[in-house]
Asker: 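Right, I'll just put the structure down here and ask away after.
Quantities reported herein were computed from a predicted structural model and do not represent experimental measurements. Chain letters run A, B, ... following the sequence lines, proteins first, then strands; residues in each count from 1.
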Amino acid sequence: GKVLVFPMEGSHWLSMRDVVRELHARGHQAVVLAPEVTVHIKEEDFFTLQTYPVPYTRQGFRQQMMRNIKVVFETGNYVKTFLETSEILKNISTVLLRSCMNLLHNGSLLQHLNSSSFDMVLTDPVIPCGQVLAKYLGIPTVFFLRYIPCGIDSEATQCPKPSSYIPNLLTMLSDHMTFLQRVKNMLYPLALKYICHFSFTRYESLASELLQREVSLVEVLSHASVWLFRGDFVFDYPRPVMPNMVFIGGINCVIKKPLSQEFEAYVNASGEHGIVVFSLGSMVSEIPEKKAMEIAEALGRIPQTLLWRYTGTRPSNLAKNTILVKWLPQNDLLGHPKARAFITHSGSHGIYEGICNGVPMVMMPLFGDQMDNAKRMETRGAGVTLNVLEMTADDLENALKTVINNKSYKENIMRLSSLHKDRPIEPLDLAVFWVEYVMRHKGAPHLRPAAHDLTWYQYHSLDVIGFLLAIVLTVVFIVYKSCAYGCRKCFGGKGRVKKSHKSKTH
Amino acid sequence: DKLLVVPQDGSHWLSMKEIVEHLSERGHDIVVLVPEVNLLLGESKYYRRKSFPVPYNLEELRTRYRSFGNNHFAASSPLMAPLREYRNNMIVIDMCFFSCQSLLKDSATLSFLRENQFDALFTDPAMPCGVILAEYLKLPSIYLFRGFPCSLEHIGQSPSPVSYVPRFYTKFSDHMTFPQRLANFIANILENYLYHCLYSKYEILASDLLKRDVSLPALHQNSLWLLRYDFVFEYPRPVMPNMIFIGGTNCKKKGNLSQEFEAYVNASGEHGIVVFSLGSMVSEIPEKKAMEIAEALGRIPQTLLWRYTGTRPSNLAKNTILVKWLPQNDLLGHPKARAFITHSGSHGIYEGICNGVPMVMMPLFGDQMDNAKRMETRGAGVTLNVLEMTADDLENALKTVINNKSYKENIMRLSSLHKDRPIEPLDLAVFWVEYVMRHKGAPHLRPAAHDLTWYQYHSLDVIGFLLAIVLTVVFIVYKSCAYGCRKCFGGKGRVKKSHKSKTH
């Protein structure tokens, strides 16, 4: 079949690319739709890249992203950080929205896509643009995502999400919460609504304009046939799910290649102490000098060989055991038996690579879901979380020594690893199956819950409860009135006497 | 690995047996715990049986099952129907309880079970004897369940909004009108009562055995649920990660027809055959009803294969062949199968779906009415009320599903959706049983909801707390405003007040 892929830029694309490659291997044609200016999305031989013009340059886009990441390393109070973070998110979503508007207003491209008669759209709904396009083209969609902020994913799947035991995004809570934590968990989404309102409402008007009727974002997203979530219940907390939600966490750590000569040499030279892999992800290119020196100092104090993926200026105090590289084969290195620990920003890809290779982690979450990811691993005793802003060289040193020398971390991560890898079907195969399923059956309407056809008060049965209450109250009222009437009849005199007596004393 | 199986006698055993046989072929050592008096729990090369004494004999067992099956044909007023259904079910359910009671008090069997170091326990939790036993033996457990008689929210903290998840016995679809939603809401409340009626006895039994207060839902928390569910057949609804859907395990294998049946099918000519079975529970239909049915069957051109153990109706037509047993799935899988007359038990429905044969459904008890409703709303069958239907009704229903193309198209669509799956349900069932044995349970799939009280679960305490804060703030603001106003317009206010009190 013909698949139209509308990816999210950044690390999200990396695992979606594996699915596209597999689809191509199985004889499907994929067209990847991306803005002219991209970071990770490049032309490859297993898909056709279709670009559309956008009103910004590669340089401008990069600078914007860099500025955003820099803020993460700046210390400041809570309010300042929150405001800055929302400013960043605003900036990013403005860029994404402008890119989306350019696509959806590009008449000739839309016409071309329409005439290409695709069988389905594969998209990451964290930018709703792909789904708006699919709705316009009238073809079924499969979503490929980690989450959509502000609980939009649970609204659009009609998946119940009791705030009593399901921690909301960015709260850093576990599934066992104290009373005050549950209060926080309930109030937190309200604060986030502000950011989400900004990011998403403009897609709503864009969709309404394109589809020529008033639609809400949730309604547009609710038409997705299957939701492929990059999660699983070894990593995430158990919670209600819907039949059209499929969990494919760990999809990124299936493909393993042998190490290149360069890295093989590093690993072999590490001796009995083994190696530690250190990467803060592809988004972070430069760390402030002071922080980088602190980190370098801590790394110098442990006996392991450090492989640090870092593109910034070389810290002057870098110890002999630390090797700076511009890029490293993270999953392959973690899969090596000599890997002792993994220092990560705890993005979901990295976490899954840590889990499936069974390497304990030292986590320095930076933004987004990373704090929550770190919390999950910490509660399971498979890693230690550090606050990258506040940590000292000693903290990092201690954390590394703890996860390497304290046997329980290795045991816990190995247990998680064995649970995670024990599955009836590999996540990549599962993802491909559901994509093909949607193509074969032109969607999956039988998996769409009837809840979508109810209003919110009907969904919660408020009309039924109200009706029953009205009946009960009416009955109580009638019974009371008739009793009162009966009483008056029986003890009529007495009652009247009492009454008159009362009014006199008053 | 060693697996202890605590089965439920009757048709439930049929799908469990298939999984057990498959597990045995994969080299697991399996012990099936059976009451010494039973119907279907026979000897097998796939497993060892361990029997325990029960306080009834085969005669009583057979009588109870027979009257249970045949009572469904007794006429009664619709108002009394629920009560009749309940009483009728209790004929069998009571016996399950007696059997459980004598098992849990039989020290010889219990010590045998304790001494055998099992790795896991596989049971049908509809009658929770195995559930209690798993707790007693401290074994991780796997349940095979159809989701009846009580909804999933009782068993796994699975949310189940009454607004679009129809309750059992209601015969509603997932799109309900206001009165239906009202009835569904009330049915949900009654379900709690039913749960109490069915299971409070077992809680007492469990408390005796475990020497502590036991609530059944608490025993259910740590297990994995294999549900005979499929969302081609069921309505989409919220589920939990520890629920695995294996609907349709029973129609995987397709054997060759025996010479006898092969001959019947070949002789049917271009019109093909219709398969008719009301399940293993019904042995005898009242004569008048049976003659009505026989008459209707005689009026269609297809060859009828009717599984019936009762007296042969005198007006049986030539095209109808009575048999004591028939290879239902194999017959339905034959290209000449035109229709399937069924009591719409879940096994039969799945066989109909996977072979793509339109159905005429005569639901009798339990979840069968709801099953029939599901197939009817999907346009894959016609439902008849077995008590009220006439020969004409049955004839028309048969002609409709056979001649109206839409029924065949709909069931073929359901069939293709149902069979399009990443992994066969039987393999999935076996995988998860082995998973529980390998990992000694699946505690990471247990939702934290089990550790909350009901008001915590619904965040009522949090809402109350926030409301209290809001009200306090509003109260304080109001009071301070009032105080401020009094200060500012003090004279005026006091005047007004005194003025008021005077007039009073």
Asker: Are B:Val239 and A:Met242 close enough, and set up right, to give a side-chain contact (heavy atoms from CB on, under 4.5 Å), and what steps lead you there?
Answerer: CA-CA 6 Å; B:Val239 296; A:Met242 296 303 282; over 6 Å; no
Asker: Within a reach of under 6.0 Å around OH of B:Tyr455, are more than 12 heavy atoms found that belong to other residues, nucleotides or ligands?
Answerer: no
Asker: Measure distances from B:Leu414 to the heavy atoms of chain A and classify the residue's part below 4.5 Å as side chain, backbone, both or neither.
Answerer: neither
Asker: Side chain, backbone, both or neither: which part of B:Tyr235 has a non-hydrogen atom closer than 4.5 Å to chain A?
Answerer: neither
Asker: Using the six-membered ring wherever Trp is involved, compare the ring planes of B:Phe245 and B:Tyr229 and label them parallel, tilted or perpendicular (cut-offs 30° and 60°).
Answerer: tilted
Asker: Under the 6.0 Å and 45° cation-pi test, does A:Arg440 pair with A:Phe433?
Answerer: yes
Asker: Going by an N to O cut-off under 4.0 Å, is there a salt bridge joining B:Glu234 and B:Arg146?
Answerer: yes
Asker: I need the B:Ser459 OG to B:Phe465 CZ distance, nearest 0.5 Å.
Answerer: 13.0 Å
Asker: Among A:Pro162, A:Pro243, A:Ser418, A:Ala444, single out the residue with the greatest number of heavy-atom pairs under 4.5 Å to chain B.
Answerer: A:Pro243
Asker: So which bits of residues 172-181 of chain A come within less than 4.5 Å of chain B, counting non-hydrogen atoms only?
Answerer: A:Asp175, A:His176, A:Phe179
Asker: Identify whether the distance between the nearest side-chain nitrogen and carboxylate oxygen of A:Glu436 and A:Arg26 falls below 4.0 Å.
Answerer: yes
Asker: Counting only non-hydrogen atoms closer than 4.5 Å, does B:Asp174 touch chain A with its backbone (N, CA, C, O), its side chain (CB onward), both, or neither?
Answerer: both
Asker: Once you measure the plane-to-plane angle for A:Phe143 and A:Trp227, does it fall in the parallel (<30°), tilted (30-60°) or perpendicular (>60°) bin?
Answerer: perpendicular
Asker: How are the rings of B:Tyr350 and B:Phe233 set to each other: parallel, tilted or perpendicular (split at 30° and 60°)?
Answerer: perpendicular
Asker: Minimum heavy-atom separation for B:Ile19 to B:Ala429, with atom names?
Answerer: CD1-CB, 3.7 Å
Asker: Relative to chain B, which segment of A:Arg182 carries a heavy atom at a distance below 4.5 Å: side chain, backbone, both, or neither?
Answerer: both
Asker: Given a strict heavy-atom distance threshold of 4.5 Å, which part of B:Leu445 is in contact with chain A: side chain, backbone, both, or neither?
Answerer: both
Asker: Heavy-atom distance under 4.5 Å to chain A: side chain of B:Pro161, backbone, both or neither?
Answerer: side chain
Asker: Between A:Ile166, A:Asp463, A:Ile465, A:Asn244, who has the most heavy-atom pairs with chain B when the cutoff is under 4.5 Å?
Answerer: A:Asp463
Asker: Go through the atoms of B:Leu428 and report whether side chain, backbone, both or neither lie under 4.5 Å from a heavy atom of chain A.
Answerer: side chain
Asker: With a 4.5 Å cut-off on heavy-atom pairs, point out which of A:Thr157, A:Asp429, A:Val432, A:Leu454 contacts chain B the most.
Answerer: A:Leu454
Asker: Tell me, for B:His439 versus chain A, whether the close heavy atoms (under 4.5 Å) come from the side chain, the backbone, both or neither.
Answerer: side chain
Asker: Between chain B and each of A:Gln158, A:Arg448, A:His460, count heavy-atom pairs under 4.5 Å; write down the option with the most.
Answerer: A:Arg448
